[in-house]
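The block underneath contains the structure these notes are about, expressed in structure tokens.
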Amino acid sequence: ATPTSIMAGSGRAAELGILFKGGEHLEQTHKIDTVVLDKTGTVTNGKPELTDVIAVGDETEFLRLVGAAELQSEHPLAEAIVAGIQRKNIRIAAAESFEAIPGYGVEAAAQGKRLLVGTRRLMERFNIDASGAYEAMSALEESGKTAMLVAVDDRYAGMVAVADTVKPTSGEAVRRLREQGIEVIMITGDNERTAKAIAAQVGIDRVLAEVLPEGKAEEVRKLQAEGKKVAMVGDGINDAPALATADIGMAIGTGTDVAMEAADVTLMRGDLASIADAIYMSRKTMSNIR
Ligand code: ADP
Ligand code: MG
């Protein structure tokens, strides 16, 4: 690779909003054969909206407590839930205590009640039997929604669901990667059913779901151990270790600073078409000089 061709390639990439941190990353990108895409905020817009509420008791009282549990959480799911509740003009109670349990949900106390909001695994972890709600939950998940179970004073009290939308360009971007001979995998902390429903909308058939926050880097390492050259694409704080572990880390420019710092490339357009563009430009740069 001549410095001149690398510089020219980097310049052309930059014009398309693809910012390589250094020439070596542009050189390495042509070796990529596997692209791992984070789901929320990468394949999807990452702006979920509250769509469904199922309350065992009074719905307003239920949502007041759910809002209290989620008010202090910085998770996009929590923000969606709180915004949805506020839109119904329900005054959210103040929480007396709050703790995020990454990958599972939240634990809080409000109005003297103990609250849990999150996954099936969260309920199981606290020995709460919510199994009667699993069928309704699965139905929501099969339509691509993320449903979260709620327990009040250690009893199942209902669930809330949010829906996120895929970016309009994600399907076409996946198709182009395939044409380049790249295997595309989606990774998420979300449950398998929701993940598969979203993946199907953009033509991805391999999904790694229910991956705990610290597990994304581990999944990248496993692929590398199989001999794959992996590009990881993500936007979130919890994608940072995987972005750093991958052969090439690509951060979505509209995402968190932490992701951009950990990555080798920033995709300023926030659009997955840039991944195929980056690979194309790297291949072109490298073929010109070999
Ligand atoms: P991702 O960011 O990939 O969607 P996370 O690891 O952050 O996944 O979360 C995994 C799952 O844990 C979510 O799909 C949700 O079911 C649950 N969860 C996480 N945070 C919250 C929260 N604040 N409230 C309710 N559930 C949550
Ligand atoms: Mg994300």
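Each ligand, and each atom within it, is numbered from 1 in the order the structure gives. Just so you know, these numbers come straight off a predicted model, no measurement behind them. Start at 1 with the first residue, then count along the sequence.
- Close approach of ligand 1 to Val106 is summarised as follows: ligand atoms under 4.0 Å from at least one heavy atom of the residue are 22 (C), 23 (N).
- Between atom 24 (N) of ligand 1 and the options His75, Glu70, Met148, the minimum heavy-atom separation is to Glu70.
- Among protein heavy atoms, the minimum distance from atom 15 (C) of ligand 1 is reached at Leu77 CD1, 3.5 Å.
- Here the protein heavy atom with the shortest distance to atom 21 (C) of ligand 1 is Gly105 CA, 3.6 Å.
- Note on Asp235: counted as a metal contact of the Mg ion (ligand 2), an N/O/S atom lying under 2.8 Å.
- There is a path of hydrophobic side-chain contacts, each under 4.5 Å, that joins Phe98 to Val82.
- Heavy atoms of other residues, nucleotides or ligands lying less than 6.0 angstrom from CZ of Arg221 number more than 12.
- Ion pair Glu124/Arg121 not flagged as a salt bridge, since none of the NZ, NE, NH1 or NH2 atoms sits closer than 4.0 Å to an Asp/Glu carboxylate oxygen.
- Between Ser73 and ligand 1, at least one N/O pair is under 3.5 Å apart.
- Met232 has its side chain within reach of Asp239: a pair of non-hydrogen atoms, C-beta onward, lies under 4.5 Å apart.
- The single protein non-hydrogen atom nearest to atom 16 (O) of ligand 1 is Thr119 CG2, 3.3 Å, given as residue, atom name and distance.
- Results of the salt bridge (charged side-chain N to carboxylate O under 4.0 Å, His left out) test with Asp277 over Arg176, Arg283, Arg12 single out Arg176 as the only residue that passes.
- Contact annotation: for Lys39 versus ligand 1, there are no heavy atoms closer than 4.0 Å.
- Some N or O of Gly103 is nearer than 3.5 Å to an N or O of ligand 1, by distance alone.
- Few gaps surround CD on Glu226; more than 12 heavy atoms of other groups in view lie less than 6.0 Å from it.
- Counting heavy atoms under 4.0 Å from ligand 1, residue Asp190 touches it through both backbone and side chain.
- In the vicinity of Thr40, heavy-atom distances shorter than 4.0 Å reach the ligand 1 atoms 4 (O).
- The angle Thr40:O - the Mg ion (ligand 2) - Asp38:OD2 amounts to 80°, with values rounded to 10 degrees.
- Per-residue contacts place Gly118 under 4.0 angstrom from the following atoms of ligand 1 (heavy atoms of the residue considered): 26 (N).
- When the side chain to side chain contact (heavy atoms under 4.5 Å, CB included) test is applied to Gln28, the partners found at least two apart in sequence or on another chain are Lys31, Ile248.
- Within ligand 1, the atoms closer than 4.0 Å to a non-hydrogen atom of Thr146 are 14 (O), numbered from 1 in the order shown.
- Hydrophobic cluster membership differs between Val53 and Val56, with clusters built from Ile, Leu, Val, Met, Phe, Trp and Tyr side chains linked at under 4.5 angstrom.
- Residues Arg120 and Glu141 are paired through a salt bridge, judged by an N-O separation under 4.0 Å between the basic side chain and the carboxylate.
- Of the protein's heavy atoms, Gly189 N, 4.0 Å lies nearest to atom 1 (P) of ligand 1.
- Using a 4.0 Å cut-off between charged side-chain N and carboxylate O, Arg114 and Glu107 make a salt bridge.
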